[in-house]
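I have placed the structure first, in the form of structure tokens, so that the comments after it can refer back to it.
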Amino acid sequence: MKVININLSYNSDFVTQVEEESGQKLNNCYQCGKCTAGCPYTEEYDISVSQIMRLTQAGQKEQVLQANSLWLCATCESCTARCPNQIDVARIMDVLRHMARKEGYVGTGRVKTFWDSFLSSVKNNGRVFEVGLLVNYISHTGRFWTDIGLGPKVLPKGKIHFKPTEMQGKKEVAKIFMRFKEESAR
Amino acid sequence: MKVGVFVCHCGSNIEATVDTAAVAAAAREFPGVVFATDTMYTCSEPGQDEIVNAIKEHNLGGIVVASCTPRMHEQTFRRTVERAGLNKYLFEMANIREHVSWIGKDREANTNKSVDLVRMATEKLLRNRPLYSKKFDINKRVLVIGGGVAGIQAALDCADGGLEVVMVEKTSTIGGKMAKLDKTFPTVDCSSCILGPRMVDVAQHPNITLYAYSEIEEINGYVGNFEIKVKKKATYVNWDSCTGCGICMEKCPSKKATDYFNEGIGKTTAINIPFPQAIPKKAKIDPDFCTKLTKGKCGVCAKVCPSGCIDYEMQDEFVTEKVGAIVTATGYDLFDWSVYGEYGAGRYPDVITGLQYERMLSASGPTGGHIKRPSDGKEPKNIVFIQCVGSRDKSVGRPYCTGFCCMYTAKQAILTKDHLPDSQSYVFYMDIRAVGKLYDEFTRRAMEEYDTKYIRGRVSMIYPKGEKLLVRGADTLMGSQVEVDADLVVLAVGAEASAGASELAEKLRISYDSYGFYMEGHPKLKPVETNTAGVYLAGACQGPKDIPSSVAQGSAAAAKVLGLFSKDQLESDPQVSIVDIKRCIGCGKCIQTCPFGAIKEMEFRGMVKADVIETICQGCGICTSTCPQGAIQLQHSTDNQILSEVNALCQF
Amino acid sequence: MNTSLNYAYYPGCSSTGTSIEYDMSSRAVCAALDIKLTDVPDWSCCGSTPAHTVDHSLSSALSARNLDQVASMGLDSCITPCPSCLANLKTAKHRMEDEGFRDKVNNLLDKPANTKIETKSVLQILVEDYGIENIRKKVVKPLTGLVVGAYYGCILNRPAELMQFDDREHPMAMDNIMEALGATVVPFPLKVECCGASFGIPRKDVVMRLSGKLLDTAKSIGAMALVTACPLCQMNLDMRQDQINHANGSHHKIPIFYFTQLLGLALGLTEKELGMNKLCVSPRTLLDFMVNEENIKEKAA
């Protein structure tokens, strides 16, 4: 097991950035574990949410940002809703995810690919085009069989459209994405 | 007046961020100051001697000490100057610790501010006059509010010390929370075996008058001479003749009344005696459940009572008692845990409080000492205890630690194993707070000998799963989510100030914190005093406390009362308001604003004037800011004195 | 009763596809109750979960465009059936109250964001503005014999400080509506547990586990059906029910309705109007059962 030198490895910039971007005070966490206790995704996590909180408090940037857990949090708000110290834990998870994305950590790739496919659908169409999203996702992951079984079930229901719905302002939406890309590049 | 100034280092508390020698040097230049110095510890014996010597040597007429808060040492230094032959009001204190050195790091700014504060104190001192106390007689009776273990201890100690005691208890029996407990930690001895005889002592003590089922309606007067109006709530039973035989309870057809004593585990009758060892052992009718009182039908108890004590027409009654001191021992209540939706908020019958569990464990309780699930009466196998419910939780407005739940949970886990040897107990905890003699050994015993599984983490939710309750928590030491299939869940619900605590505090004119717990006079040095003379605290009304601490405070409060009453007369505080009759126009505004009713009208040569009753005046000064003529002046804080301080500060 | 209820309506992307029956039934129910809905003109996607996982200002900008569209209608509030849209639109408004954050969002927009538009759910306005007692009066076909559990999902009420609606742990809005419609409501113990949300595609195993637990629980409490208020929840429980059965070795056949579908049914609307045929787990048997139970009850009366 790794021995951590807690003063040398403490990344204070990381702690400050998380606190600023989330608006939360990390020292308010007293490690009761109630977030982990209620998190429906603990079973999937490589590092439980209370330990993510602990590692973040301790300024362990690398270990936090490479956690798969960041990509498996569904923002269901169980942690935030029940935290005895009123810490918005879900928001901290969100902020850590932003940082991981910026620093090139992808964690569970498939989740990120799905989210990216979703957003590219929004960027191109102004709204989500479900079939297009799925095709995009499959083309990036090669997971052709993902939901093939659903086809015969859903197709006859008239829920699936093979063309995106048209909207006038889709250029405005695309512009939001464009400007975001420019802003992030700065 | 020749003034002497002493600037204290307070070790490094002040000196570290204030140049005390420079402050003393600056003070030497002030008008009136003939002597100024800095000292290491002004409050120490050599420090005080230095003041006495300086007074004599330089023929000083007044002293300024620049040190800590007056709450800490004003009394100390007043005695010092008195020792040197000065009137004790020819002394002023400048607070350069709490108001300067502890709150700022800039040494130069701190030094300048200290100089300003010393200048203000000096200017005021130059306008101080000697003040003299008056003596008055005291009534050596004491009122104890609350009949729990703290109140019982205070009452018995006072009564044994020869004082007459009046005890007022809200419910129909004394005993408080302790009477509901099965066993006590860390000795696991029977709670009622310890408390029962003490309760009987209260009933039988010739010096104690007990008003049970009564509340404090009104408190007037002042230390030595309080007048208390007590409301004796209607019991609908004449207690003079009630023998406590219990026949009424047997025959009462209304059997669904809330059983407050048993914390709602089971029901009781509309006419009831809370438990067999109740003191006084008298019946009362719960008017919410008595069909005679709600619907006018029944009257069974009146028919069966062999002594004819039932009186459906009974009204609340008021009595007045005169006492010289008050001990308030009003205890605590359990936090209303129904705010925890994640624990079911009361929806699940097999999620109960620790106090309910005590009633279940008690041989004289509603289950006869058998542990049964409230839902189906079955014996539980897996019992989960959850600590810190309503403690250390900011999200429910209870950030403080109740302090005794760790211990009672360990006790309950041990008792559970004694009652049900095949059972398994689990305790979800955050930290184990077992500070006390033999306390940690006790919690260790619960783990080592009784195989209680301690799990370090909070519980996030409880939900029904078939007949069981699924408890989902965390084990932060393992770093994982854990689940327990529980048959019974016991919540270690924390303590909060008892219902009505703040209303009573206002009647007593004592302070309370934001949670409703009463404020002690000083957190270290005046643990059972309040800031109102003659009113003392005992037990959990001051903050959550276990039995030994409550009892210790009960005795401490009694010692304070006995000390107070060791004199036949008390001295009044001369820092009261005085009316300048020549200036008073009799408008009466001061009479209206006085919160203590200390000002009355009087006639002077055919004119209406205000007059202060010195023993009632608390020196708050509201009247002085109300008076349009400046005719009423608070001694030691007169307009001139205050303005001189303002002028000293706003020179430029 | 207030007869002039009038709202801007934000359907959300899934209303055009997988949750079309939620949209249909929401519109039909509102029409039947004289609640006027006007679509937010040329609405766009709120960004849902993926946007806020990338950046909060991006997420809020996508919402802000829609809030601005609402403002262009001259209204100061809008409603949406979808809890994910609801959460995004509400979060955007709330966070844009902070000037620094608002500036970041404005950098992404053509014109400065409107920060005054409130968003509520269709469920919330039915309960708070229309009123359950008024709904009760409109029932013509009570849901006789139906034993139903209400499943709210994780974000309809959380975080409570933001959502300001119902109880965060034990919400009752749908329970109370179902009770008013004549159904027998069994308390669903996992009302606010997550179903697996949008992980259906990238991590199906997660949905199988979480939604599977919800279905198992529904069965254990004797619920014949569940009602939901969220497209993702409904999709995971309904469309993926066969997958769940396959993965977990279970044999559930539990119809998963949108609450608006059952509400519409009780108001006398047709199955077609309510998109009953769009559900993957067929409610046919259950719907017939209810009609039969009602007949028996009427005969007995």
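The chains referred to below are lettered A, B, ... by the order of the sequence lines, with proteins before strands, and numbering in each begins at 1. Keep in mind that this is a model prediction, so the values were computed, not measured.
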Heavy-atom contact with chain B under 4.5 Å, split by part of A:Tyr45: neither
Flag the pair B:Arg456 and B:Asp475 as a salt bridge only when some basic side-chain nitrogen lies within less than 4.0 angstrom of an acidic carboxylate oxygen. no
Can a salt bridge be assigned to the pair A:Asp94 and A:Arg91 using a cut-off of 4.0 Å between side-chain N and carboxylate O? no
With heavy-atom distances below 4.5 Å as the criterion, would you say the side chains of A:Ser121 and A:Asn136 are in contact? no
Can a donor-acceptor pair be found between the side chains of B:Tyr400 and B:Glu496 at a distance below 3.5 Å? no
What residues of residues 164-182 of chain A sit under 4.5 Å from chain B when you count only heavy atoms? none
Against chain A, label B:Tyr340 side chain, backbone, both or neither, depending on which of its atoms sit under 4.5 Å from a heavy atom there. side chain
Tell me whether B:Arg398 forms a cation-pi arrangement with B:Phe335, defined as NZ or CZ under 6.0 Å from the six-membered ring centre and within 45 degrees of its axis. no
Taking 4.0 angstrom as the limit, do B:Asp440 and B:Arg444 come out as a salt bridge? no
Scored by heavy-atom pairs under 4.5 Å with chain B, the best of A:Cys39, A:Cys79, A:Ser50 is A:Cys39
Of the listed B:Met461, B:Met430, B:Arg392, the one with the largest count of heavy-atom pairs under 4.5 Å with chain A is B:Met430
Go through the atoms of A:Cys83 and report whether side chain, backbone, both or neither lie under 4.5 Å from a heavy atom of chain B. backbone
N-O pairing of A:Glu130 and A:Lys159 below 4.0 Å: no
One thing to verify: whether B:Glu342 and B:Arg472 come together as a salt bridge, which I'm taking to mean a side-chain N less than 4.0 angstrom from a carboxylate O. no
